[in-house]
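A quick write-up on the structure given underneath.
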Amino acid sequence: MEEMSNYIKTIMAEDLKEGRVSEIVTRFPPEPNAYLHIGHARAIITDFECAKAFGGKTNLRFDDTNPTKEDNEYVEAIQEDLKWLGYEPDHVFFGSDYFEATYEKALLLIRKNLAYVDDLSQEEISKYRGTLTEPGIESPWRNRSVEENLDLFQKMRQGVFKDGEKTLRAKIDMASPNINMRDPILYRILHMHHHRQKDQWCIYPMYDFAHPLQDSFEKVTHSCCSLEFDNHRVLYDWVIANCDVEHVPHQYEFGRLNITGMIMSKRYLRMLVDMKKVSGYDDPRMPTLVGLKRRGFTADAIKNFVKSTGLSRVNSTVDYAALEEALRDDLKTKALRPNAVIHPLEVVIDNYPEEKVEYLDCPNNAEVEEMGSRPIAFSKHVYIEQDDFMEEKPNKKWKRLALGVEVRLMHAYFITATSVEKDESGKVIRVHATYDPATRSGSGFDGRKPNGNIHFVEKTTALPAEFRLFGPLLIEEDDTNKDLDFIERLNPHSLTTAQGFVESFLKDTQPFDHYQFVRNGYFVTDKDSTREKLIFNRTCELKSSFKLS
Ligand code: ATP
Ligand code: MG
């Protein structure tokens with residue numbers, strides 16, 4: 001997949017050429033309150049790849065200025081995710097480490113009469129803020145003296161006031177057409193324990209005040225964020241212009257990445273985990289990076305996919321099928337191609353000797369000769385897929401096994417089904433067949449044409465395995481369900497498991513090993529797989545089951 005145009009790189013190249021900056025510095029600023037999802041990958045790739053293209057630097061900065069939902073678990077998980085994607089930050093910073101410096105800048109704004117302590121409640125502030133068509137109303141506390149403001153703000157820090165009793169606001173313009181400029185809140189009181197600063201602080205800076213300052217302290221040149229911050233940029237620039245900073249950073253926005261059938265809001269992901277609708281953040285159905293990894297997506301597939309979506313100033317929705325295609329592209333010539341039977345049906349080859357097991361040669365990857373070959377077992381008893389047999393050939397297109405019909409067992413012999421055994425319900429539980437010894441694969445036989453090629457696993461050497469097959473977490477939205485809450489739209493069949501068999505050489509498979517199981521799709525060994533209980537997750541099928549638009 002090709003990398004599409006990237007308008008931020010164009011800006012960086014200009015800035016370097018015109019001497020506006022001497023080095024590119026970016027940062028990725030996740031809030032440590034959730035696991036990263038594939039939408040974040042766009043931000044990560046933008047920050048790291050753009051800087052790398054110009055020999056610049058990228059910091060990881062945990063935006064931990066909001067103490068409510070932050071946790072060390074997420075701090076560690078986010079670092080693991082970055083490592084997995086192959087990015088190493090030049091520095092790791094925590095936004096909360098700048099609390100003292102940020103506080104000093106707030107004092108500076110007060111002294112410049114550009115900030116004031118307000119006694120209005122949160123609700124009153126929202127009410128006074130006005131609307132898109134009506135200007136806001138100035139707070140009655142807006143014209144407090146500098147001395148009074150300094151005194152009150154220091155008292156806020158000392159913990160004299162209760163949560164919500166006071167705020168610090170910027171004094172900008174209550175009639176601004178941009179509502180973000182109508183005296184935005186800079187600090188609020190929260191008597192809360194912070195995961196890193198413990199109980200040192202009871203006032204916390206708001207994102208719009210803290211973020212530009214952090215960028216400046218770190219000498220970030222290009223501060224890239226998603227499009228919803230577009231109308232916060234004026235405030236970003238106001239903070240930078242009025243806080244007497246040494247370094248001037250600039251904000252650039254890019255469109256958010258959405259993928260069909262995936263919901264990526266943190267609230268939703270947390271709800272799925274809390275309500276135990278999934279096994280955790282790394283459930284293979286989750287759009288989190290840990291989930292996608294466990295599902296079998298590779299870091300390269302994710303990066304190639306995200307790069308192929310380009311970067312512009314519009315939000316985009318990309319078909320999930322494109323992500324699967326990126327995985328196939330990545331693994332097609334890398335993954336081994338073992339035989340696995342997911343829904344087994346036993347075939348007994350009546351004219352084959354009872355005790356004999358012979359070994360046939362099977363390429364490890366039919367498209368890559370250098371990957372060599374391995375012996376596969378064959379005997380009187382083999383498993384095939386239930387779907388590969390029907391008592392009666394239904395139509396001409398049916399290229400599989402049926403009574404009186406001959407097929408090739410891949411890399412082995414031609415067999416013809418002769419009879420079936422059924423249980424009381426009439427379900428076929430065993431197929432009897434005969435084989436033709438002259439059709440042994442590789443023996444140069446070039447006679448009649450079989451009715452298709454099907455794969456198999458020899459019974460006595462086969463290893464039992466669990467296969468986990470996935471569908472979308474949500475049922476597709478249509479007119480009948482579009483008003484339903486997403487919990488009611490959960491797909492009850494998003495996970496099915498099947499007990500089947502794999503070739504014996506997979507006994508030593510390790511978690512996160514990737515395979516293409518012949519005819520069945522791409523699979524990965526699950527993290528809970530053991531020698532005693534093999535578990536494979538299907539990453540995707542061999543062909544897209546989604547329509548590529
Ligand atoms: P919240 O608003 O709940 O904090 P968030 O998605 O903004 O959620 P952050 O941890 O703040 O989460 O995200 C870090 C960075 O990743 C931000 O710069 C954000 O813009 C970017 N980002 C998040 N989701 C996407 C997405 N779907 N596409 C592109 N960038 C995204
Ligand atoms: Mg955010």
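Counting starts at 1 for both ligands and their atoms, in listed order. When a residue number appears, it is its place in the shown sequence, counting from 1. When reading the values below, keep in mind they use all heavy atoms of this one structure, side chains included, and skip hydrogens, waters and symmetry mates.
Applying the side chain to side chain donor-acceptor pair (under 3.5 Å) criterion to Tyr87, with sequence neighbours excluded, gives Glu49.
Between Ser226 and ligand 1, at least one pair of N/O atoms sits closer than 3.5 Å. Between Gly255 and ligand 1, no pair of N/O atoms sits closer than 3.5 Å. Taking only nitrogen or oxygen atoms, main chain and side chain alike, Asn33 does not reach within less than 3.5 Å of ligand 1. For a threshold of 3.5 Å applied to N or O pairs, the pair formed by Glu31 and ligand 1 contains at least one separation below that value.
Under the 4.5 Å side-chain criterion, counting only non-hydrogen atoms from C-beta, Glu23 is not in contact with Leu16. Looking at heavy atoms from C-beta onward, Met271 lies in side-chain contact with Ile487 at the 4.5 angstrom threshold.
Here the two rings, on Tyr236 and Phe209, have centers that are 6.0 Å apart or farther. Checked against the 6.0 Å centroid threshold, Phe153 and Tyr187 count as a close aromatic pair.
Here is the list of ligand 1 atoms found below 4.0 Å of a heavy atom in Pro30: 10 (O), 14 (C). Distances below 4.0 Å separate heavy atoms of Ala43 from the following atoms of ligand 1: 16 (O), 21 (C). Close approach of ligand 1 to His40 (heavy-atom distance below 4.0 Å) involves ligand atoms 6 (O), 9 (P), 10 (O), 12 (O), 13 (O), 14 (C), 16 (O), 22 (N), 23 (C). Residue contact check: Phe254 has heavy atoms under 4.0 Å from atoms 29 (C), 30 (N) of ligand 1.
Every pair tested for ring-ring contact (aromatic ring centres under 6.0 Å, His included) that includes a residue from residues 105-126 fails, sequence neighbours excluded, so the list is empty.
For His37, every heavy-atom contact with ligand 1 shorter than 4.0 Å involves the side chain, none the backbone. Both the backbone and the side chain of Arg256 come within 4.0 Å of ligand 1, counting heavy atoms alone.
Judged purely by distance below 3.5 Å, without hydrogens or angles, the side chains of His195 and Asp64 pair a donor atom with an acceptor atom.
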